[in-house]
Amino acid sequence: NVSHKEFNPVCGDQIELFIKLSNNKVEDVKFIGKGCAISMASISMLTEKIKNLSLQELEKIQKEDILEMIGIPLGVVRMKCGLLSLKTLSNGISKLEEENEHIRN
Ligand code: FES
């Protein structure tokens, strides 16, 4: 249901996220990515965290949730690494909602 790719323009690291929904909940989630340890650890942990969550719960995930999940302080540069996962998830969900809106109209 969600297939979305984002990259960090500064370093070129990228994440492609795939989410399968069932009854409006995350039934399965996978990613393909290449990048630094922080960006890859962040998306890996995020995919574990979002299993079985509803679409509404996914929308509520904030920057603070990701930083807490990573568990170490990040400087300005590393912040973008840590949050690439959230950018991919958020924009992927927005894309899905736009597609659903388009189908409804
Ligand atoms: Fe590219 Fe971390 S160095 S996302």
Side-chain angles (χ1 to χ4, degrees):
N1 304 92
V2 173
S3 169
H4 187 68
K5 190 174 188 174
E6 288 285 346
F7 71 105
N8 181 342
V10 178
C11 59
D13 291 358
Q14 48 189 273
I15 293 173
E16 189 166 11
L17 183 66
F18 307 94
I19 298 175
K20 181 181 176 189
L21 297 168
S22 175
N23 294 324
N24 208 37
K25 286 194 167 189
V26 177
E27 182 182 282
D28 199 9
V29 52
K30 302 240 185 308
F31 77 94
I32 302 171
K34 74 176 177 71
C36 66
I38 293 177
S39 67
M40 293 299 104
S42 176
I43 186 65
S44 179
M45 288 190 282
L46 186 60
T47 55
E48 288 301 316
K49 183 184 169 80
I50 66 174
K51 274 182 191 150
N52 297 314
L53 295 188
S54 68
L55 206 47
Q56 289 72 27
E57 288 170 318
L58 295 186
E59 288 169 350
K60 288 185 191 152
I61 297 175
Q62 303 285 316
K63 174 182 167 184
E64 290 71 26
D65 300 314
I66 303 293
L67 297 180
E68 188 185 322
M69 187 184 75
I70 294 172
I72 54 169
L74 298 179
V76 179
V77 175
R78 287 296 180 189
M79 189 64 77
K80 281 198 183 292
C81 306
L83 296 178
L84 184 60
S85 61
L86 182 60
K87 182 180 172 190
T88 311
L89 176 65
S90 301
N91 289 345
I93 292 169
S94 299
K95 195 166 88 178
L96 173 68
E97 286 173 342
E98 277 169 27
E99 287 165 2
N100 288 345
E101 189 69 25
H102 185 69
I103 290 167
R104 275 196 291 272
N105 294 330

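Remember, it's 1-based here, ligands and their atoms both numbered in the order they're listed.
The closest side-chain heavy-atom distance from I72 to L74 is below 4.5 Å. Using a 4.5 Å heavy-atom cutoff, the side chains of I32 and F18 are in contact.
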Using the salt bridge (Lys or Arg N to Asp or Glu O under 4.0 Å) rule, take K30 and D28 through it: C-alpha gap first, then chi angles, then the decisive distance, then the call.
-> CA-CA 7 Å; K30 302 240 185 308; D28 199 9; 3.3 Å; yes
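When heavy-atom distances to ligand 1 are checked against a 4.0 Å cut-off, R78 comes that close only through its side chain, counted from C-beta outward.
For the pair I38 and ligand 1, no heavy-atom separation below 4.0 Å is found.
In this structure, the separation between CD on Q14 and CG on N8 is 10.5 Å, given to the nearest 0.5 Å.
Judged by distance alone, with hydrogens and angles left aside, the side-chain atoms of S42 form a donor-acceptor pair with the main-chain N or O of G82 at under 3.5 Å.
Atom 2 (Fe) of ligand 1 does not have C11 among its coordinating residues (no N/O/S atom, backbone or side chain, under 2.8 Å).
Nearest protein heavy-atom contact of atom 4 (S) of ligand 1 is D13 OD2, 3.1 Å.
The C81 neighbourhood of ligand 1 comprises atoms 2 (Fe), 3 (S), 4 (S), with distances under 4.0 Å to a heavy atom of that residue. Each of the following atoms of ligand 1 lies closer than 4.0 Å to a heavy atom of S39: 4 (S). Below 4.0 Å from some heavy atom of C36 lie the following atoms of ligand 1, by number and element: 2 (Fe), 3 (S), 4 (S).
Looking at N52 and E27, their side chains never bring a donor and an acceptor atom within 3.5 Å of each other.
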